2 protein chains.
Amino acid sequence: MGTTQPEPVPEPKYWHLKTVLSDALDSEFAVGEILPNERELAARFGVARATLRQALEQLELEGRLQRRRGVGTTVAPPRMGVAVADPGHSWPGSVPDAWQLVDSERAVPPPAVARLLATAPDEAVHTVRRSRKTRGQPVAGELLYVPAASVPGLAAIEPSAGPARARAVLRELQRLHLEGEDRAVELGSAGAEDAKQLDRLPGAPVLLVTTRYFAAGRTAAVSVATYRADTCRLTFGEADRPPAVELLAG
Amino acid sequence: MGTTQPEPVPEPKYWHLKTVLSDALDSEFAVGEILPNERELAARFGVARATLRQALEQLELEGRLQRRRGVGTTVAPPRMGVAVADPGHSWPGSVPDAWQLVDSERAVPPPAVARLLATAPDEAVHTVRRSRKTRGQPVAGELLYVPAASVPGLAAIEPSAGPARARAVLRELQRLHLEGEDRAVELGSAGAEDAKQLDRLPGAPVLLVTTRYFAAGRTAAVSVATYRADTCRLTFGEADRPPAVELLAG
DNA sequence: CAGTGGTCTAGACCACTCC
DNA sequence: GAGTGGTCTAGACCACTGG
């Protein structure tokens, strides 16, 4: 008859498990350490494996754990802060940054992107694919869409391909006067190709960052970037302010 | 021996199901329409309910579906764009906005917040709780942390409580000269209280927005806001640029 | 190869909403 | 009370990693 939690609505087992595991992670495990396997953990807590997995999934979603098939479950390091907004505002690739050019081609963008660009639904545009690594780990992939009208000087070199072509598209883009940019962030799940690029399984949660670049009164380019939601913390306008030493990361 | 997908690694059933359902959603269902129940859908596709649920969970995560216990599964409207960055940069509540003050108290912030504020780990600060609705639907909850040092004029009225107290804290805060702000976005899951406030079950995915407000060379306040990840698309610096008519939402 | 996490099944019961 | 989604079980097999 203690006053402790009469708990008329008992919380689900997996939810309780999650908090127990979370506490254990804080106090008894070091970053990178590998946990007992799922079958053993389930037995230890007296639940079915599916139930345990539900708890692990939550913790992975929150960036506390990392699970790899064939390997095991390890304690994840704190999320990395990755800067999303360019300092000032600038075209992609105009300042040396963490992105690596992958390739470039001409393709018809998805309808949603075509609407943002105000191009015809079947009009091909230049695409540039980039990928971003932080501390050796892939954190994001990006697809940049550039209507032919934004880079009229590009026609001559069209036939080239690969990173060279990507460089050419960006170079042309940077000739324009950038008037502003626009961003949206939402939750998504990695498609098959994204997943491969991010070293995750398909369906893994990602943060979808859509950027519109404005020039000459029009939307001159649109980029769609997918960041690993488990390992990344997106930062905006990172302090031109006080030092506020790096607090949560290592 | 066609060239069509020899597919040496067949995709998981739930993944295939997801794409099938996604297509059906686009072509055969209207927003708000209610789907057949899970047991029937599972039977119709010849899979176990758990497998079907895996597909539905993905679609819900992507904001395509909305599920409510005791009611059913409905087709979700496109995500709402919610502006996160104040125009210009301003203290919370300094311009009329979509937030509603809930209450305010003195409390010791979680360690992570104390570090951001550079207060002692056991030092109590003022907290202000706000909630945000869009189109009648709760989309976010926020907890603002304000060290006593940032609002020295507040001591006198301390004993009051509720929205009145919240208003008082914000009023004092706005006397300071705001020098800048800082934001980070990451994926999280709703705690018990957040879930209630957002009308979701605990563990629901949320977008966690941490904002630091700078004044007098210090971090004068920190806010932690949780946005429903299923229904929200966070927007930043929404175009002081061209019209670019509202495209994806209704 | 043994061991891991990932997928899948067929059932059961619970909590909730609405009539 | 009937019908919905949410939780949980105890198994099975698969895909991948590593020695």
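As a basis for the values below, the full set of heavy atoms in this structure was taken, side chains included, without hydrogen atoms, waters or symmetry mates. Since the model is a prediction, treat every value here as computed from it, not as a measurement. First the proteins, then the strands, lettered A, B, ... as listed; each starts at 1.
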Side-chain ion pair, [X] and [Y], N-O less than 4.0 Å:
X: Asp26(B); Y: Arg64(B); value: yes
X: Glu142(A); Y: Arg132(A); value: no
X: Glu186(B); Y: Arg79(A); value: yes
X: Arg44(B); Y: Glu40(B); value: yes

Just how far, in rounded Å, is [atom2] of [N] from [atom1] of [X]?
X: Leu41(B); N: dG3(D); atom1: CG; atom2: P; result: 17 Å
X: Glu40(A); N: dG3(C); atom1: CD; atom2: P; result: 13 Å
X: Arg69(A); N: dC8(C); atom1: CZ; atom2: C1'; result: 14 Å
X: Glu11(B); N: dC8(C); atom1: CD; atom2: C1'; result: 15 Å
X: Gln54(A); N: dG6(D); atom1: CD; atom2: P; result: 11 Å
X: Arg200(A); N: dG5(C); atom1: CZ; atom2: C1'; result: 11 Å
X: Glu57(A); N: dC8(D); atom1: CD; atom2: C1'; result: 14 Å
X: Arg67(B); N: dG3(D); atom1: CZ; atom2: C1'; result: 16 Å

ask   = Closer than 4.0 Å, any side-chain N/O of Thr73(B) to the OP1 or OP2 of dT4(D)?
value = no
key: Distance test, side-chain N/O of Asn37(A) to OP1/OP2 of dG3(C), below 4.0 Å   = no
inquiry  = Let's test your reading of the model: under 3.5 Å, does the base of dG3(C) pair with the side chain of Arg39(A) as donor and acceptor?
reply    = no
Protein N or O to nucleotides 9-11 of chain D N or O, pairs below 3.5 Å:
{"from": "dT9(D)", "atom 1": "OP1", "to": "Lys13(A)", "atom 2": "NZ", "distance (Å)": "2.9"}
{"from": "dT9(D)", "atom 1": "OP2", "to": "Ala48(A)", "atom 2": "N", "distance (Å)": "2.8"}
{"from": "dT9(D)", "atom 1": "OP2", "to": "Thr51(A)", "atom 2": "OG1", "distance (Å)": "2.4"}

query = Which part of the nucleic acid, if any, lies within contact of Leu201(A), taking any heavy atom under 4.0 Å across all strands shown: a base, the sugar-phosphate backbone alone, or nothing?
reply = sugar-phosphate
task = Classify the nucleic acid contact of Arg68(A) as base, sugar-phosphate or nothing, counting any heavy atom under 4.0 Å across all strands shown.
result = sugar-phosphate
task = Consider the side chain of Val71(A), meaning its heavy atoms from C-beta on, and name the nucleotide among dG6(C), dT17(D), dC8(D) that approaches it most closely.
result = dT17(D)
inquiry  = Given dT4(C), dT7(D), dC8(C), identify the nucleotide with an atom nearest to the side chain of Arg53(B).
reply    = dT7(D)
ask   = Quick one: does Val82(B)'s side chain get under 4.5 Å of Arg228(B)'s, heavy atoms only?
value = no
inquiry  = How about CD on Gln100(A), more than 12 heavy atoms from neighbouring residues, nucleotides or ligands closer than 6.0 Å, or not?
reply    = no
query = Is atom CZ of Arg68(A) surrounded by more than 12 heavy atoms (other residues, nucleotides or ligands) closer than 6.0 Å?
reply = no
